[in-house]
Trainee: 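Take this structure first; my questions come after.
Chain naming here is simple, since letters A, B, ... match the order of the sequence lines and numbering starts at 1 in each. What you see is a predicted model; the values in this text were computed from it and never measured.
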Number of protein chains: 2
Amino acid sequence: MIEIRHLKTLVALSEAGSLTQAAERVFLTQSALSHQLKALEDDIGGALFVRKSAPLRFSPAGERLLIAARRVLEEMEAAQRDIARLAAGAAGRLRIAVECHSCFDWLMPAMDTFRGHWPEVEMDLVSGFHADPVALLKRDEADLAITSDPRARRGVAYLPLFQTEMQAILARDHPLAAKAYLTARDFSRDVLITYPAPEEMFDLIRLVLKPAGIAFTRRTAELTVAILQLVASRRGIAALPVFGVESYLARGYVVGRPIGRQGFYSSLYAAVPEALADAAYVADFAATVRRTCFAHLSGIRPLVA
Amino acid sequence: MIEIRHLKTLVALSEAGSLTQAAERVFLTQSALSHQLKALEDDIGGALFVRKSAPLRFSPAGERLLIAARRVLEEMEAAQRDIARLAAGAAGRLRIAVECHSCFDWLMPAMDTFRGHWPEVEMDLVSGFHADPVALLKRDEADLAITSDPRARRGVAYLPLFQTEMQAILARDHPLAAKAYLTARDFSRDVLITYPAPEEMFDLIRLVLKPAGIAFTRRTAELTVAILQLVASRRGIAALPVFGVESYLARGYVVGRPIGRQGFYSSLYAAVPEALADAAYVADFAATVRRTCFAHLSGIRPLVA
DNA sequence: TTCAATCATGAATATTTCTCATGCGAATAC
DNA sequence: GTATTCGCATGAGAAATATTCATGATTGAA
């Protein structure tokens, strides 16, 4: 019997491109997914996808089931949203503060989707740049802040969004580009190019360079393209989320290298006042962000709690 | 986590009108459904239907989920049909023979639905009346016969459709109408009015009156309305499937009484040549009949094997 | 009141699903 | 050519979940 669980697996598989990564997205082991898909294939009596094909390809039956899966999951989400709305009266306000520059890349589409689901929720972006967006919550200048620093604060709850891989961005012929991955130490060898913001706001600096006691020189640029231009012209190296520079990497304008053996992942959270944390539309905002990001962004993975 | 199983339960509940009967339709116990619905209500955090209300009423959340359930199940069925078609090349012929007069009531809508799903399958009704429709299969004059007599025959497979309650139909002021239910013996007290067909073709006669050695006199009429007219004017009593006479009962034109303490249920099967039994479109025809009948007919229940 | 019908509930059981440990094969690095 | 890594499959055992069984409560009808 095909269950919704199977449909979720199928969609995750199509988005992740491999059993192992899909398993991560549905919070199961690769083994579980293997069993699950086998059962599913037994049920419909045929293969759903072509094994050992990179990139992963679905069989015609798999394609068809995938279409059904997307529709079904969408319908179920809509229903649960409606039910939540029914229960909770709905209506509210969502002033969103963002510190992370690259976040606009995914935030805008997510906000569009969310606006369609909750037309009665008034949404705004809190303009201007803020060194500590979470503080805006307490001053009641924002209702939700995107942050990568979930340190416990009184009255603030953190809803996990996802993790994004940060890669070192180098000129194609940069000496470090010869390495399979960079280490913290490598960042002392060249200028680090970042957005203009306090050091504590960069996960790489806060969580890697500082703890390791690495000295580095920093230079800033406002826009992603400007940073990339500097990198390409050998003025330094940067560390950016892969999803934001994917097209440049694909075109070979610059190259990306993992940071550390396992890669370096930065976590993103939606910080909200505790009072709002239970509101259905707030929970659904986080869910919408996760859904849209996993559907469209590369180099990201789930973030637990 | 809401699963498709839950959606099926919900739809069955809406169609059956009670937990107990819904349980029968999904081949589970009432207890299982009770647990299942409780889990579901815990999940969405609110009631899905109003207990102790006859007829059963859904809560707004229940209504919404029910809508989603219908859509989702339809989508899943369509997907599985498409996949079956993909696998099996499709195309075929379905000449349908029917002995049971009242069957046209549900057969036509079911055929319409089926035609939409399998436009490439050529469907026909085998015209004329046949004392032994199953014999037509062997003579290759039909591909599928609706019958209530699944006795094993070489080369013939029976696909269970459903059981339908046969009630005794009486004039409103008939003496027997005072009884809560009729017994076999009661049928010797008045003329039995049937469609014109051999005795063996009536389940009541074949399975109840004959085995009990009850003598009875019989009179025939071609059409259901004619039979009812005779009943209403006290010329005799009839035994008909409740779904076929529901509107007359509701209007009080005649009354229906169960036959036997538990009621008497006649089983209906689709008989097909064994060679066809595995064809996807044949299996789906049976499934379509079941689905449409359970969705629209009253006084019917599932038939196992 | 008694009977029959419907639903809820806790405990026991059955079934399903998942994880763990491991193996295999292909691609890549050394 | 041998090691290493990656992705997937598989069997067995563990964990989680679903179902049944036995029973009780409640309600409406006779």
Trainee: Could you state the CE-C1' distance from A:M1 to D:dT19, rounded to the nearest angstrom?
Mentor: 16 Å

Trainee: Would you indicate, yes or no, if C:dT6 has its OP1 or OP2 atom less than 4.0 angstrom from a side-chain nitrogen or oxygen of B:R51?
Mentor: no

Trainee: Would you kindly give the NE2-to-C1' distance between B:H6 and D:dT17, to the nearest whole Å?
Mentor: 10 Å

Trainee: Using a cut-off of 4.0 Å between protein heavy atoms and nucleotide atoms, how would you tag nucleotides 20-30 of chain D 5' to 3' with B, S and -?
Mentor: BB----SS---

Trainee: Can you check the A:E24 CD to D:dG7 C1' distance for me, whole Å?
Mentor: 14 Å

Trainee: Please say whether more than 12 non-hydrogen atoms of neighbouring residues, nucleotides or ligands are located less than 6.0 Å from NZ in B:K179.
Mentor: yes

Trainee: Using a distance-only test with no angle check, is there a side-chain donor-acceptor pair under 3.5 angstrom linking A:D190 and A:H174?
Mentor: yes

Trainee: Could A:R185 and A:F187 be counted as a cation-pi pair, given that NZ or CZ must be under 6.0 Å from the ring centre and within 45° of the axis?
Mentor: no

Trainee: Cation-pi between A:R301 and A:Y265: NZ/CZ under 6.0 Å from ring centre and within 45° of the ring axis?
Mentor: yes

Trainee: B:L48 has an atom CG; how far is it from atom C1' of C:dC7, in whole Å?
Mentor: 15 Å

Trainee: Could you state the atom-to-atom distance from CG of B:L40 to C1' of C:dA8 in whole Å?
Mentor: 16 Å

Trainee: Checking salt bridge (Lys or Arg N to Asp or Glu O under 4.0 Å) for the pair A:E77/A:R70: CA distance, chi angles, key distance, verdict?
Mentor: CA-CA 11 Å; A:E77 277 148 19; A:R70 295 218 183 86; over 6 Å; no

Trainee: Can you spot which of B:H6, B:E3, B:M76 makes a side-chain contact (heavy atoms from CB on, under 4.5 Å) with A:I4?
Mentor: B:E3

Trainee: Can you see if the side chain of A:T20 gets near the phosphate of D:dC6 - specifically, an N or O under 4.0 Å from OP1 or OP2?
Mentor: no

Trainee: Identify, between B:L19 and B:R5, the residue whose nearest nucleotide on DNA chain C lies closer to the 5' end.
Mentor: B:L19

Trainee: Report the distance from atom CD of B:E3 to atom P of D:dT17, rounded to the nearest whole Å.
Mentor: 11 Å

Trainee: At under 4.0 Å between heavy atoms, what does A:S34 touch on the DNA or RNA strands: base, sugar-phosphate, or nothing?
Mentor: base

Trainee: Are B:E246 and B:S298 linked by a side-chain donor-acceptor pair shorter than 3.5 Å?
Mentor: yes

Trainee: Atom CD of A:Q36 and atom C1' of D:dT10: how far apart are they, to the nearest Å?
Mentor: 16 Å

Trainee: What is the separation between atom NZ on B:K38 and atom C1' on D:dA18, rounded to the nearest whole Å?
Mentor: 14 Å

